[in-house]
Colleague: 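My questions all concern the structure below.
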Amino acid sequence: MPSKIQKEGPFEGALKQLEKTRKLISLEENIYAQLKAPKRFLQVSIPVRMDNGSVRVFTGYRSQYNDSRGPYKGGIRFHPDVNESEVKALSMWMTWKCAVVGIPLGGGKGGVIVNPRELSVGELERLSRGYIQAVFAFLGPQLDVPAPDVYTDPKIMGWMLDEYEKLLGHHAPGVITGKPLSIGGSAARGYSTAQGGVYVLSNAAAKLKLSKDAKVAIQGFGNAGSNMADLLAKKGYKIVAVSDSKGAIYKAKGLDVAALAAHKQKTGGVANFAGAQKLEDIIGCDCDILVLAALENSVTLENAKSIKAKLVFELANGPVSPGADEVLAGDGVSIIPDILANAGGVAVSYFEQAQNASNYYWTEAEVLQKLEKLMNDAFDAVWERKEKYKTTLRLGAHILAVERVAQAMRDRGLN
Ligand code: NAD
């Protein structure tokens with residue numbers, strides 16, 4: 001069985017992280033007070049005509065956390081467990097993430113409570129267009145810019161862009177990123193989260209002296225996790241374990257990632273992959289690097305002690321609960337925090353917007369070159385804060401982020 005994922009109120013955890021960070025850098029009260037809640041939080045009802053003629057009403061959210069460094073930025077999640085606390089936490093983390101990689105964007109996030117797998121393609125399109133109709137007035141290339149997240153993809157972004165432009169009456173491709181290439185998407189955006197992760201992991205592996213044939217386990221085999229598996233395998237890492245929502249598998253000699261992706265495509269999951277053993281629990285499996293690429297709170301106080309990896313890599317947002325974070329730090333496990341580890345996606349989203357604004361498109365090689373520099377610089381800046389404050393990489397990243405956001409707020413006279 002895949003590991004159990006619990007909901008522990010991610011926003012509470014995110015606020016605790018902020019409080020810890022604030023104490024370390026003596027953030028002034030006037031700024032702290034403004035960072036404790038989103039600037040705007042929308043809840044909308046989205047009526048959708050179902051194929052059988054009935055109308056079903058879905059609940060959607062958009063959280064606009066902070067825009068002192070630039071327009072709100074963050075994905076839209078379609079998932080049955082979407083809730084207010086999760087959307088708020090994710091929007092706060094987006095604020096920090098954009099600051100960590102130094103791109104001129106703020107933080108936002110959206111979601112709809114839905115299991116998209118239960119909808120027909122037509123129903124999914126009407127829901128996607130309905131979400132845009134509901135939040136239209138609050139979106140724009142200079143205001144708030146959505147992107148894909150869990151169970152949303154470029155196809156959905158294409159529908160959403162089309163709906164937005166129809167309502168607006170003219171083109172505005174920079175309102176959404178993660179679009180298909182034919183309508184203003186960026187080269188490399190499809191695998192940019194994982195690619196950014198690989199750049200960060202290479203830096204971390206060098207600092208922590210991990211060998212290149214290290215054994216890697218990956219929880220979650222969606223956009224982020226499957227691309228990470230593919231890129232790491234190509235770099236010589238041994239991918240020994242992989243899981244998704246339906247099961248987990250292990251092969252000590254290393255999995256053939258391309259064949260596994262084909263198996264998942266065909267059967268809908270990673271389970272029952274030929275030559276691999278069924279795994280009960282990927283979190284505690286025998287590996288050197290554990291990549292978390294599913295959802296929040298995968299590692300909690302319940303399972304943190306079972307981790308054998310020396311390095312935990314947060315490709316997902318918020319996969320380690322605050323309590324588990326302390327347990328792992330105490331056990332000497334290094335954690336590469338989400339706001340650095342998975343920032344490659346939003347970095348290329350920013351490149352996508354830059355290309356849309358100039359209506360001039362870059363090659364894949366140009367995008368990757370810029371991404372590598374951005375991620376290396378972010379890693380160095382985080383590492384520098386970690387050393388300076390003699391703390392963890394997570395707090396180093398949060399210190400860097402809060403410093404940058406707070407500076408923008410001071411420069412606007414908001415202190
Ligand atoms: P996705 O929907 O493509 O994939 C999610 C994967 O997690 C699926 O394989 C699903 O089966 C698996 N999963 C769900 N529950 C699980 C469980 N209990 N155990 C094991 N696996 C489980 O989503 P994604 O875009 O890859 O996003 C994954 C995480 O990465 C999320 O936290 C997301 O916010 C974060 N992230 C994604 C991007 C991006 O560009 N895709 C960018 C930044 C952060």
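Order of appearance sets the numbers: ligands from 1, and atoms from 1 within every ligand. Bear in mind that the values here come from a model prediction, so they are computed numbers and not experimental data.
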Colleague: Is K109 in polar range of ligand 1, meaning some N or O pair under 3.5 Å apart?
Modeller: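 N/O-N/O distance under 3.5 Å: no.
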Colleague: Is there a polar contact between ligand 1 and N223, counting only N or O atoms under 3.5 Å apart?
Modeller: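 Yes - when backbone and side-chain N and O of N223 are compared with those of ligand 1, one distance drops under 3.5 Å.
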Colleague: Which atoms from ligand 1 have a heavy atom of A316 less than 4.0 Å away?
Modeller: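 So the atoms of ligand 1 that pass are 29 (C), 30 (O), 32 (O), 35 (C).
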Colleague: With a 6.0 Å cut-off on ring centres, are Y61 and F41 close enough?
Modeller: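 Between F41 and Y61, which both carry aromatic rings, the centre distance is below 6.0 Å.
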Colleague: Of the backbone atoms (N, CA, C, O) and the side-chain heavy atoms from C-beta on, which set of M228 has a member under 4.0 Å from an atom of ligand 1: side chain, backbone, both, or neither?
Modeller: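 Within the 4.0 Å criterion, M228 makes no contact with ligand 1.
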Colleague: Can R117 be said to sit on top of Y151's aromatic six-ring, NZ or CZ under 6.0 Å from centre and within 45° of the ring axis?
Modeller: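 Yes - R117 lies over the ring of Y151, closer than 6.0 Å to its centre and within 45° of its axis.
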Colleague: Between K251 and D256, does any side-chain N to carboxylate O distance fall below 4.0 Å?
Modeller: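 Salt bridge: no.
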Colleague: Kindly indicate whether the side chain of S186, heavy atoms from C-beta on, has any atom under 4.5 Å from the side chain of V367.
Modeller: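 Yes - at least one pair of side-chain heavy atoms lies under 4.5 Å apart.
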Colleague: For ligand 1, which atoms, with element, lie under 4.0 Å from some heavy atom of A294?
Modeller: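 Reading through ligand 1 atom by atom, the close ones are 7 (O), 13 (N), 21 (N), 22 (C), 28 (C), 29 (C), 31 (C), 32 (O).
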Colleague: Indicate, as side chain, backbone, both or neither, the part of A293 found under 4.0 angstrom from ligand 1 when only non-hydrogen atoms are considered.
Modeller: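 A293 to ligand 1: backbone contact only, side chain stays beyond 4.0 Å.
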Colleague: Counting heavy atoms only, which of A224, G197, S245 comes nearest to atom 16 (C) of ligand 1?
Modeller: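 Looking at heavy atoms only, S245 sits closest to atom 16 (C) of ligand 1.
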Colleague: Where does R77 meet ligand 1, judged by heavy-atom distances below 4.0 Å: at the side chain, the backbone, both, or neither?
Modeller: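 The side chain, only.
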Colleague: Please say whether G225 places an N or O atom under 3.5 Å from an N or O atom belonging to ligand 1.
Modeller: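 Between G225 and ligand 1 (N or O atoms, distance only) the closest approach is not under 3.5 Å.
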Colleague: Which part of T193 is near ligand 1, with near meaning a heavy atom under 4.0 Å away: side chain, backbone, both or neither?
Modeller: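 Under 4.0 Å from ligand 1, T193 contributes side-chain atoms alone.
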Colleague: Run down the list D149, I339, T152, L90 and name the one with the heavy atom closest to atom 33 (C) of ligand 1.
Modeller: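 Comparing heavy atoms across D149, I339, T152, L90, the nearest one to atom 33 (C) of ligand 1 lies in D149.
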Colleague: Can you give me every donor-acceptor pair (side chain of residues 375-383, partner residue at least two apart or in another chain, under 3.5 Å) with its distance?
Modeller:
unit_1 : atom_1 : unit_2 : atom_2 : d
N376   : OD1    : N203   : ND2    : 2.9
N376   : ND2    : E372   : O      : 3.4
D377   : OD2    : K373   : NZ     : 2.6

Colleague: Using side chain to side chain contact (heavy atoms under 4.5 Å, CB included) as the criterion, point out the one residue from I399, I339, V320, T21 that pairs with R394.
Modeller: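 In the set I399, I339, V320, T21, the residue that makes a side chain to side chain contact (heavy atoms under 4.5 Å, CB included) with R394 is V320.
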Colleague: So that I can tick it off, tell me whether D331 and K305 are bridged by a salt bridge, with the cut-off set at under 4.0 angstrom between side-chain N and carboxylate O.
Modeller: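 Yes.
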Colleague: Output the list of atoms in ligand 1 that are nearer than 4.0 Å to some heavy atom of R189, sorted by atom number.
Modeller: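 Checking each atom against R189, I get 40 (O).
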Colleague: Does the side chain of V216 come within less than 4.5 Å of V240's, by heavy atoms?
Modeller: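 No, their side chains stay 4.5 Å or more apart.
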Colleague: Between K264 and ligand 1, which residue portion shows a heavy-atom distance shorter than 4.0 Å: side chain, backbone, both, or neither?
Modeller: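 Under 4.0 Å from ligand 1, K264 contributes side-chain atoms alone.
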Colleague: Specify side chain, backbone, both or neither for Q219, according to which of its non-hydrogen atoms lie closer than 4.0 Å to ligand 1.
Modeller: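 Only the side chain of Q219 comes within reach of ligand 1.
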Colleague: Mind checking whether G345 has an N or O less than 3.5 Å away from an N or O of ligand 1?
Modeller: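 No, no N or O pair falls under 3.5 Å.
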Colleague: Would a 4.5 Å heavy-atom cut-off, applied to side chains only, mark H398 and V100 as touching?
Modeller: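 Not touching, per the 4.5 Å side-chain cut-off.
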Colleague: Cut-off 3.5 Å, side chains only: do S128 and E125 have a donor facing an acceptor?
Modeller: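 The criterion, which ignores hydrogens and geometry beyond distance, is not satisfied for E125 and S128.
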Colleague: Is atom CD of E387 surrounded by more than 12 heavy atoms (other residues, nucleotides or ligands) closer than 6.0 Å?
Modeller: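 Atom CD in E387 is crowded, with more than 12 foreign heavy atoms closer than 6.0 Å.
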Colleague: What atoms of ligand 1 come within less than 4.0 Å of a heavy atom belonging to G220?
Modeller: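 Heavy-atom distances to G220 below 4.0 Å select 7 (O), 12 (C), 21 (N).
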Colleague: Against heavy atoms of S243, which atoms of ligand 1 measure under 4.0 Å?
Modeller: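 The atoms of ligand 1 under 4.0 Å from a heavy atom of S243 are 20 (C).
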Colleague: Answer side chain, backbone, both or neither: which part of I282 comes under 4.0 Å from ligand 1, heavy atoms only.
Modeller: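 Neither part.
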Colleague: So do the side chains of Y72 and K39 get within less than 4.5 Å of each other, counting heavy atoms only?
Modeller: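 Answer yes - side chains close enough.
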Colleague: Heavy atoms only: which of V150, I283, D81 lies closest to atom 27 (O) of ligand 1?
Modeller: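 Answer by nearest heavy atom: V150.
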